[in-house]
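Quick notes on the structure that follows.
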Amino acid sequence: MDTQVKKDIRALTRDQLRTFFKDQGDHAYRGDQVYEWLWQKSAHSFEAMTNLSKATREMLADNFVINHIKVDKMQRSNDGTIKNAIRLHDDLVVESVLIPTSSRTTACVSSQVGCSLDCRFCATAKLKRMRNLNPDEIYDQVVAIDNESRLYFDRPLSNIVFMGMGEPLMNYNNVLKAIDKITSPEGLGMSPKRITVSTSGVPKMIRKLADEEVKFKLAVSLHSAIDSIRTSIMPFNSTFPLADLREALEYWYAKTKSRITYEYVVWEGINDRQEDADALVAFCKFAPSKVNLIEYNPIEDGDDFRQASNAAIDLYVHTLERNGITVTVRRSRGKDIDAACGQLANKS
Ligand code: SAH
């Protein structure tokens, strides 16, 4: 059979695999064995499934492929950050990043090739080609980083952030399926509390997350709490204006009681005034919130954007703290290898 028509076996659920074996006149539990190889043991070939007979392995290879990702290129930053260029089965490339600190190793993973949104300060938004990643392609990035964490830092991966390429809530089903695998004991068994999904703010999908009572954390890339400014830097804001986003977040908090994190870059002449900081407070004070003031990472063609002064950052910190909102000032990691927020664009 030609490879083109073979199905990706990792698109099948455990039950579908069990049924497949039953239909072949074999035992359903073979499906469990294969499932374990594919997910717990991350097998890259049917050959490797040594508790199956040779005939069974050949039969699987005749019917299916295992579309594993391949780490094409690994770059290490002088601050320890590792960036992986991941080649997908159709030769498209995404990036994922390992960020080590003294107490944690965080994986920053991609959810789409390119991005469906158009934030003007983000390098990923400039990429044309776009498709959603499949659940296994997201899961594999996490496995690859977990392996690197064990190899280079002698400890397993501790946290995951969906802050790589793409808008996770525009690939909702696949991201949730991947998180199911990551948190399931049959996959990596990680606690959902150590996973953060970061979104530019798609109100309908935030409501859906709330309805499903997901246990992972939510971060929102806000960057401005004033509609006209937000629309000028994140044009999709005209479709999903702040009032809708705010209502969806209120709904999220009412259902989950989970604190919301806001990501926010302060740019000179764009959002560095007292009234910008006041608008941020007014936007997020309805629920326990945390604001991460992240550093701007310059991108090509990003001349309109310049990191604001320390005085502007101090203004934000004081305003937020005075209003009882937790705030942290984040320094970028991995800038020298274009691995920092907003710099992922397959440049090598
Ligand atoms: N689409 C999702 C996740 C990917 S972006 C989201 O928007 O949240 C991850 C974070 O990097 C977001 O907060 C985004 O606003 C920020 N970001 C994008 N470009 C950046 C840049 N050039 N410098 C600093 N942060 C940037």
Side-chain angles (χ1 to χ4, degrees), residues 81 83 94-97 99 106-127 130 132-133 138 141 159-172 174-175 178-179 195-203 205-206 209 216-225 229-237 239-240 245 248-249 260-268 270-271 280 284 290-308 313 328-345 347:
T81 301
K83 180 168 85 168
V94 291
E95 292 173 334
S96 56
V97 182
I99 307 152
T106 301
C108 174
V109 299
S110 294
S111 55
Q112 297 181 311
V113 184
C115 188
S116 30
L117 300 180
D118 49 8
C119 303
R120 289 189 44 224
F121 46 82
C122 179
T124 307
K126 318 261 181 224
L127 299 176
M130 217 289 288
N132 284 333
L133 293 187
I138 298 169
Q141 294 175 61
N159 296 75
I160 303 174
V161 292
F162 281 80
M163 293 186 193
M165 296 168 137
E167 168 49 50
L169 298 192
M170 293 287 200
N171 185 16
Y172 186 96
N174 291 351
V175 166
I179 292 177
I195 301 176
T196 301
V197 169
S198 175
T199 175
S200 306
V202 188
M205 293 303 158
I206 293 173
L209 287 177
F216 50 78
K217 294 188 189 155
L218 185 66
V220 178
S221 303
L222 197 65
H223 303 308
S224 174
I229 298 177
R230 196 167 193 260
T231 298
S232 72
I233 57 177
M234 303 167 83
F236 68 87
N237 186 70
T239 318
F240 309 124
L245 176 57
L249 291 172
I260 301 160
T261 298
Y262 296 92
E263 289 145 274
Y264 202 102
V265 179
V266 189
W267 289 285
E268 199 180 297
I270 293 180
N271 57 355
L280 172 59
C284 63
K290 180 178 167 206
V291 173
N292 284 335
L293 293 176
I294 54 184
E295 198 184 323
Y296 174 56
N297 301 305
I299 59 161
E300 261 173 53
D301 302 328
D303 300 346
D304 297 350
F305 295 94
R306 271 180 314 278
Q307 170 68 34
I313 300 294
T328 56
V329 180
R330 285 279 167 90
R331 272 189 307 127
S332 286
R333 305 285 307 270
K335 252 188 181 177
D336 55 327
I337 54 168
D338 281 330
C341 282
Q343 290 188 314
L344 302 183
K347 208 166 67 171

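Positions are given from 1 along the sequence. Note that this is a predicted model, so its numbers are computed, not measured. Start at 1 and go down the list; that is how both ligands and their atoms are numbered.
- Using a 4.0 Å cut-off between charged nitrogen and carboxylate oxygen, Lys126 and Asp301 do not count as a salt-bridge pair.
- The closest donor-acceptor contact from the side chain of Ser110 to the backbone of Met165 lies under 3.5 Å.
- Contact annotation: for Thr199 versus ligand 1, heavy atoms closer than 4.0 Å belong to the backbone alone.
- In this model, a donor atom of one side chain and an acceptor atom of the other lie less than 3.5 Å apart for Thr199 and Glu167.
- Counting protein heavy atoms only, atom 23 (N) of ligand 1 is closest to Asn297 N, 3.0 Å.
- Under 4.0 Å from ligand 1, the heavy atoms of Glu263 that appear belong solely to its side chain.
- The shortest N or O to N or O distance between Ser200 and ligand 1 is below 3.5 Å.
- Scanning the protein for heavy atoms near atom 21 (C) of ligand 1, the closest one is Cys341 O, 3.3 Å.
- Remark: distances from the non-hydrogen atoms of Glu295 to ligand 1 include one below 4.0 Å.
- Geometrically, ligand 1 and Phe121 share a nitrogen or oxygen pair separated by less than 3.5 Å.
- Using a 4.0 angstrom heavy-atom cutoff, Pro298 does not count as in contact with ligand 1.
- Heavy atoms of Phe162 found under 4.0 angstrom from ligand 1 belong exclusively to the backbone.
- Shown in contact with Gly166 at under 4.0 Å from a heavy atom are these atoms of ligand 1, numbered in order with element: 1 (N), 2 (C), 3 (C), 4 (C).
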